[in-house]
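Okay, so here's the structure we're looking at.
These numbers were taken from a predicted model, which means no experiment stands behind them. Chain letters run A, B, ... following the sequence lines, proteins first and then strands; every chain starts at 1.
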Amino acid sequence: AQKITQTQPGMFVQEKEAVTLDCTYDTSDQSYGLFWYKQPSSGEMIFLIYQGSYDEQNATEGRYSLNFQKARKSANLVISASQLGDSAMYFCAMRASGTYKYIFGTGTRLKVLA
Amino acid sequence: NAGVTQTPKFQVLKTGQSMTLQCAQDMNHEYMSWYRQDPGMGLRLIHYSVGAGITDQGEVPNGYNVSRSTTEDFPLRLLSAAPSQTSVYFCASSRDRYTEAFFGQGTRLTVV
């Protein structure tokens, strides 16, 4: 069975510092995709970054990077130079290549402190 | 750029009532899906569709029906609302299996 685990229910970070949000996954598939979404207090789901299982380089999108360690089955999100607007819930998700189904983690609530 | 549009944003139902949550996308995406979000449980897949006329069950399909008569629309029907269906519902669409999903703004449903 596929599963996403986010072990940090809540995190605090000081403004302008970097923060890592943990995500581990479990799958027997060889081909899959890993996604991170941000959910601010307004409720919408915002796509941040994607990593394919066969991608050799870690994905980056602006201040977001994905620390992909395939052997450890981890896909941690790194946010550099945190901003107050980064305060939100963050979800890690996985999609196996043979399916359209997303599996979501339970989320990490990040609070950026001024 | 409308993207994925969900209506209504808020709804209160009485137990036993039925209703339809509307979802429309204007990106010509083949894949559409419905999720529910409950505290501490992330998002769980209710139903999904890989194209007009094709639907399938997700993780928590009981109590919900869907149909997909057009590429654009994917309504979710609650047949007989129960308090356990109190949740936030999200509709999402994506171009294919390898790209990100675009989500609607969500519908906060309360069943009393």
Output yes when a side-chain donor or acceptor of [X] lies under 3.5 Å from a complementary backbone atom of [Y], and no otherwise.
X: B/Q22; Y: B/T7; result: no
X: A/S82; Y: A/E17; result: yes
X: A/Q6; Y: A/Y90; result: yes

Query raised in the report: side chain to side chain contact (heavy atoms under 4.5 Å, CB included) between B/V4 and B/F74: does it pass, once the steps are laid out?
Result: CA-CA 11 Å; B/V4 180; B/F74 190 45; over 6 Å; no
Report task. With the side chain counted from C-beta on, respond yes when B/R77 and B/S67 share a heavy-atom pair under 4.5 Å apart, and no when they do not. Result -> yes
Report task. Between chain B and each of A/Y32, A/Y50, A/F91, A/F47, count heavy-atom pairs under 4.5 Å; write down the option with the most. Result ->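 With the most close heavy-atom pairs to chain B, the winner is A/F47.
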Checking heavy atoms, do the side chain of [X], its backbone, both or neither come under 4.5 Å from chain A?
X: B/D38; value: neither
X: B/L43; value: both
X: B/T99; value: backbone
X: B/E59; value: neither
X: B/F102; value: neither

Query - Top contributor to chain A interface from B/A101, B/S33, B/G104, B/A92 [non-hydrogen pairs under 4.5 Å] - result: B/A101
Report task. Can you tell which part of A/Q39 gets under 4.5 Å to a heavy atom of chain B, answering side chain, backbone, both or neither? Result -> side chain
Query raised in the report: When you check the side-chain N and O atoms of A/N76 and A/S74, is any donor under 3.5 Å from an acceptor?
Result: no
